[in-house]
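Have a look at the structure below before the remarks.
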4 protein chains.
Amino acid sequence: MSPDRKSRNEEIREASKARILDAALELFSSHGYEYTSISQIARKAGISKGLIYNYYASKEEMLEALIENLNKGEDKFLEIFQNDDPSEVLENMFRLYFREIRENAEVWKMITALSLQLEKFEFVHDMALEKLHRYYKLIEQQLRAIGYPDAEREAKVIAAVFDGMGIHHLIIRDDYPLDELEDYLISKYCRYEK
Amino acid sequence: MSPDRKSRNEEIREASKARILDAALELFSSHGYEYTSISQIARKAGISKGLIYNYYASKEEMLEALIENLNKGEDKFLEIFQNDDPSEVLENMFRLYFREIRENAEVWKMITALSLQLEKFEFVHDMALEKLHRYYKLIEQQLRAIGYPDAEREAKVIAAVFDGMGIHHLIIRDDYPLDELEDYLISKYCRYEK
Amino acid sequence: MSPDRKSRNEEIREASKARILDAALELFSSHGYEYTSISQIARKAGISKGLIYNYYASKEEMLEALIENLNKGEDKFLEIFQNDDPSEVLENMFRLYFREIRENAEVWKMITALSLQLEKFEFVHDMALEKLHRYYKLIEQQLRAIGYPDAEREAKVIAAVFDGMGIHHLIIRDDYPLDELEDYLISKYCRYEK
Amino acid sequence: MSPDRKSRNEEIREASKARILDAALELFSSHGYEYTSISQIARKAGISKGLIYNYYASKEEMLEALIENLNKGEDKFLEIFQNDDPSEVLENMFRLYFREIRENAEVWKMITALSLQLEKFEFVHDMALEKLHRYYKLIEQQLRAIGYPDAEREAKVIAAVFDGMGIHHLIIRDDYPLDELEDYLISKYCRYEK
DNA sequence: GATGAATGAGCGTTCATTCAT
DNA sequence: AATGAATGAACGCTCATTCAT
């Protein structure tokens with residue numbers, strides 16, 4: 001097989017995989033994993049049902065790939081926290097989190113819903129667990145650097161606030177005062193004076 | 001039909017309905033709504049599949065009745081907040097919330113999961129919306145009475161903390177420091193001195 | 001539930017199960033297990049696909065029940081060998097075997113085909129193994145009683161002749177001289193004079 | 001195209017076809033025809049799925065070619081029976097048959113299984129029919145030459161013994177006394193004294 | 001009121017076969 | 001000659017719902 005042929009195929013494969021994951025993300029996010037059928041995904045992706053199984057061995061494996069993809073995106077997003085000023089880092093985190101639930105509310109909903117299905121999707125649970133601890137530690141470090149008291153517990157409270165607001169935003173939708181709360185939390189935690 | 005007979009039948013009906021909802025609550029909580037079949041519920045309730053449809057027109061209507069039931073229970077639970085001392089009321093709320101996620105984590109998980117399925121279960125959404133506003137107001141009132149600044153926003157933050165901790169507890173499980181956080185939050189908000 | 005109701009249901013169940021197994025036997029025999037779909041069985045039995053799964057948990061379990069049924073029939077057939085005269089017993093066996101491959105050639109074919117799928121259908125293999133040993137012993141006993149030399153080996157040879165003729169009859173069909181061979185074998189083994 | 005080129009291509013074609021059939025034989029023998037996919041064959045043969053369809057129009061046609069190939073091999077094997085002494089010829093046949101089921105039990109099983117699928121694979125049936133008659137005649141000739149009585153019927157019995165023992169060996173496996181039966185049959189038929 | 005046999009649409013998945021390159 | 005991405009019909013199976021009794 002010529003290298004041309006090989007790389008051409010690789011391109012086609014990647015394109016198809018991406019189309020499938022795009023369609024799946026959209027449908028899983030809006031209707032939920034259980035209520036999205038393979039047929040729907042295929043239709044939305046503009047391909048045949050069978051082709052999906054050329055790339056993903058099962059519906060669940062597809063979900064796994066999807067989650068992994070999202071995680072990769074987030075890892076990059078965490079890199080930007082290389083900064084000396086802890087207040088600034090904290091503020092960046094707050095701003096990013098708010099942007100996330102503002103712009104990708106549906107995706108965020110999907111991940112939260114899946115995380116709750118502990119025994120059904122162990123890999124999502126593992127991922128959520130690991131991520132949670134990472135966030136705890138990151139927030140705690142900044143709080144400690146700022147001199148905020150009881151940094152360990154407060155970090156857990158802040159992380160809880162994030163996820164809780166995410167849910168409330170999904171329930172209350174446009175009437176939820178995201179902007180207001182963003183400013184409020186930033187001034188509360190990032191402008192802290194001993 | 002004699003009134004006796006009528007009320008006798010009514011009793012039987014109510015007893016059967018209660019058994020069905022009990023079985024459903026247990027199964028929906030542990031396995032999830034989608035993964036629980038009508039057959040399983042009938043078996044657990046000790047009745048036939050067909051009888052369920054005598055009381056509930058569909059699986060979804062059964063869920064609706066179940067949620068309504070849970071709400072009624074909670075309404076009673078909210079009545080106990082008739083107390084003059086706002087700090088005490090707030091503390092009672094905190095304690096009750098922690099007891100709830102400690103003792104009925106599974107039920108709490110079920111409701112959260114359903115709340116996220118916005119378009120699939122509109123009635124759950126409506127219920128969650130209404131409840132959320134009620135809690136906001138209740139917390140806000142106490143905070144205002146205590147003299148806590150920015151009571152409106154802080155009430156939303158506290159409510160978010162509750163739901164966020166509920167999720168984190170489900171993910172981290174026994175390692176999540178519920179006791180510690182309970183004391184921390186109570187001392188932070190209920191022992192507030194202007 | 002009234003006993004009437006219960007026994008009535010039992011009747012219905014048995015009738016349905018029998019119809020399903022009848023249809024399955026006919027189709028498995030003529031087209032083979034792999035080439036018979038659940039839909040075909042349902043159609044032939046005049047019921048819906050779903051009903052089959054009320055009675056048999058899987059296609060394979062259905063086959064298992066089918067085989068068990070056939071075995072029960074055969075067990076009864078073995079009972080008639082209670083006779084004092086070994087020559088007569090042997091002759092009865094021969095006659096019964098020939099009748100079997102004459103009248104139920106298709107069923108016999110199905111069982112043989114399944115027996116060959118050793119690893120796929122362990123229970124058929126187990127059944128075949130057990131039956132084979134039973135036949136070996138039964139034939140050997142008669143031969144020994146008659147005084148036929150080398151009874152143990154000859155019993156294995158006779159059993160092999162049976163299965164071999166079964167295959168040849170399926171291949172050659174109506175031109176296979178079953179009658180002739182029946183007489184020939186009986187005179188060879190049952191009229192044996194030391 | 002030059003004759004060289006032509007024959008060169010022809011060589012490649014033949015080599016590819018042979019590799020495909022080798023792979024197919026191995027897989028069909030071990031897993032069965034129905035449970036072997038074209039993909040598996042292509043993988044084992046080290047070629048692409050599509051190429052298989054360059055040589056064989058369908059999976060079934062591939063099986064047909066495979067069976068034909070096996071037959072060609074056997075025809076050569078029958079040629080060695082050019083011998084004057086009928087007892088010796090008969091003994092050679094016995095020995096060859098036993099060697100066959102000892103060494104190629106899996107292939108033998110595949111052919112037997114296919115032969116039973118009469119209507120599905122007519123060409124296998126035709127082949128089996130033709131071969132069976134050839135064997136009948138060959139055995140009969142030797143028996144007649146030896147002076148064995150009822151040679152025609154006995155030939156059919158011997159052929160049945162062969163196929164029957166083949167099946168029993170597959171069922172009983174290593175515990176089946178092939179060696180013993182080989183000696184027994186040879187002494188019974190080839191050392192015959194009028 | 002109560003039963004459970006029966007239905008059928010829909011699911012996730014497989015695989016022989018086709019075809020553009 | 002050779003590839004493998006793509007197709008689609010068919011499969012075994014599930015389950016909410018209906019209905020005769």
Side-chain angles (χ1 to χ4, degrees), chain A residues 1-2 4-6 8-13 15-17 34-42 46-62, chain B residues 8-9 12-13 15-16 34-43 47-60 62, chain C residues 1-2 4-6 8-13 15-17 34-42 46-60 62, chain D residues 8-9 12-13 15-16 34-42 47-60 62:
Chain A
M1 195 172 16
S2 71
D4 273 11
R5 167 68 156 286
K6 212 168 178 175
R8 180 76 228 285
N9 261 336
E10 195 55 33
E11 266 172 46
I12 291 175
R13 286 184 69 83
S16 284
K17 282 170 94 166
E34 341 284 351
Y35 294 105
T36 301
S37 72
I38 294 289
S39 292
Q40 285 175 306
I41 296 171
I47 55 162
S48 70
K49 250 193 309 182
L51 187 58
I52 289 181
Y53 289 88
N54 253 353
Y55 299 116
Y56 304 104
S58 66
K59 193 184 174 187
E60 189 167 338
E61 224 168 75
M62 197 173 106
Chain B
R8 178 85 181 89
N9 269 344
I12 291 175
R13 281 187 70 85
S16 284
E34 355 279 354
Y35 295 106
T36 300
S37 71
I38 295 287
S39 292
Q40 284 175 301
I41 296 171
R43 209 176 308 128
I47 57 163
S48 71
K49 243 190 311 186
L51 189 54
I52 288 182
Y53 286 87
N54 252 345
Y55 299 122
Y56 305 105
S58 68
K59 193 183 174 186
E60 189 167 338
M62 199 173 100
Chain C
M1 192 174 16
S2 70
D4 273 12
R5 169 68 157 286
K6 212 168 177 176
R8 180 74 228 288
N9 259 336
E10 195 55 33
E11 268 172 44
I12 291 175
R13 284 185 69 82
S16 285
K17 283 170 91 165
E34 343 283 352
Y35 293 105
T36 301
S37 73
I38 295 288
S39 293
Q40 284 176 305
I41 296 171
I47 56 164
S48 70
K49 248 193 309 181
L51 188 57
I52 289 180
Y53 289 89
N54 254 352
Y55 300 117
Y56 304 104
S58 66
K59 193 184 174 188
E60 188 167 340
M62 197 172 105
Chain D
R8 178 85 181 90
N9 268 344
I12 291 175
R13 279 187 72 85
S16 285
E34 354 280 355
Y35 295 106
T36 301
S37 71
I38 295 287
S39 292
Q40 284 175 302
I41 296 170
I47 56 163
S48 71
K49 245 189 311 186
L51 189 54
I52 289 182
Y53 286 87
N54 252 345
Y55 299 123
Y56 305 105
S58 67
K59 192 182 174 189
E60 190 167 337
M62 198 173 101

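No experiment lies behind these values; they were computed from the predicted model shown. Naming convention: chains lettered A, B, ... in sequence-line order (proteins, then strands); numbering from 1 in each chain.
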Starting at atom CD of B/E34, determine the distance to atom P of F/dC15, rounded to an integer number of angstrom. 12 Å
Would you kindly give the CD1-to-P distance between A/I38 and F/dC11, to the nearest whole Å? 20 Å
When rounded to whole Å, the CE to C1' distance for the pair C/M62 and F/dG12 reads 12 Å
Which part of the nucleic acid, if any, lies within reach of C/Y35 when heavy atoms closer than 4.0 Å are counted: base, sugar-phosphate only, or nothing? nothing
Side-chain contact test, heavy atoms from C-beta onward, threshold under 4.5 Å: evaluate it for C/Y56 versus C/K17 and give yes or no. yes
Separation of B/Y53 atom OH from F/dA20 atom C1', in whole Å? 18 Å
Please round to the nearest 0.5 Å and tell me the distance separating atom CG of D/L51 and atom OG of D/S48. 5.0 Å
Of the listed E/dA5, F/dT3, F/dA6, the closest approach to the D/S48 side chain comes from F/dT3
Ignoring hydrogens, what is the shortest heavy-atom contact between A/Y35 and A/Q40? Give both atom names and the distance. O-OE1, 3.4 Å
To check you understand the geometry: which heavy-atom pair defines the closest contact between C/E34 and D/E34, and what is its length? CG-CG, 3.8 Å
Give a yes or no on whether the backbone of A/S58 and the side-chain of A/E61 come within a donor-acceptor separation of less than 3.5 Å. no
Of all the choices, E/dT17, F/dT14, F/dT17, which nucleotide is nearest to the side chain of B/S58 once you look at every atom? F/dT17
Which heavy atom of B/S39 sits nearest a heavy atom of B/K49, and at what distance? OG-CD, 3.4 Å
Within this structure, what is the CD1-to-P distance between C/I12 and F/dT21, rounded to whole angstrom? 9 Å
Value in whole Å for how far the P atom of E/dG1 lies from CD1 of B/I52: 15 Å
Could you check which of E/dG1, E/dA6, F/dT7 has an atom nearest any side-chain atom of A/L51? F/dT7
Nearest 0.5 angstrom please: C/I52 CD1 to C/I38 CD1, how far? 5.0 Å
When A/E60 and B/R13 are each assigned the nearest nucleotide of DNA chain E, the 5'-most assignment goes to B/R13
Remember a base hit wins even if backbone is also touched, and classify B/Y55 as base, sugar-phosphate or nothing at under 4.0 Å, heavy atoms. sugar-phosphate
Determine whether a donor-acceptor pair (one donor, one acceptor, N or O, separation below 3.5 Å) exists between the side chain of A/K49 and the base of F/dT7. no
Note on DNA chain E: ranges paired as stems (three or more Watson-Crick/G-U pairs in a row, both atom distances under 3.5 Å) are E:2-21 with F:2-21
Got a second to check how far C/I41's CD1 is from C/M62's CE, nearest 0.5 Å? 3.0 Å
Return whichever of D/G50 or D/T36 has its heavy-atom-nearest nucleotide of DNA chain E closer to the 5' end. D/T36
Would you classify C/K59 as touching base, sugar-phosphate or nothing, given that sugar-phosphate means primed atoms plus P, OP1 and OP2, and contacts are heavy atoms under 4.0 Å? sugar-phosphate
Value in whole Å for how far the P atom of E/dG4 lies from CD of C/E11: 16 Å
Establish, with yes or no, whether the OP1 or OP2 oxygen of F/dC11 is under 4.0 angstrom from a side-chain nitrogen or oxygen of C/S37. yes
Considering heavy-atom distances to DNA chain F, does C/S39 or A/E10 have its closest nucleotide positioned more toward the 5' end? A/E10
How long is the line joining CG of C/N54 and C1' of E/dG4, in whole Å? 8 Å
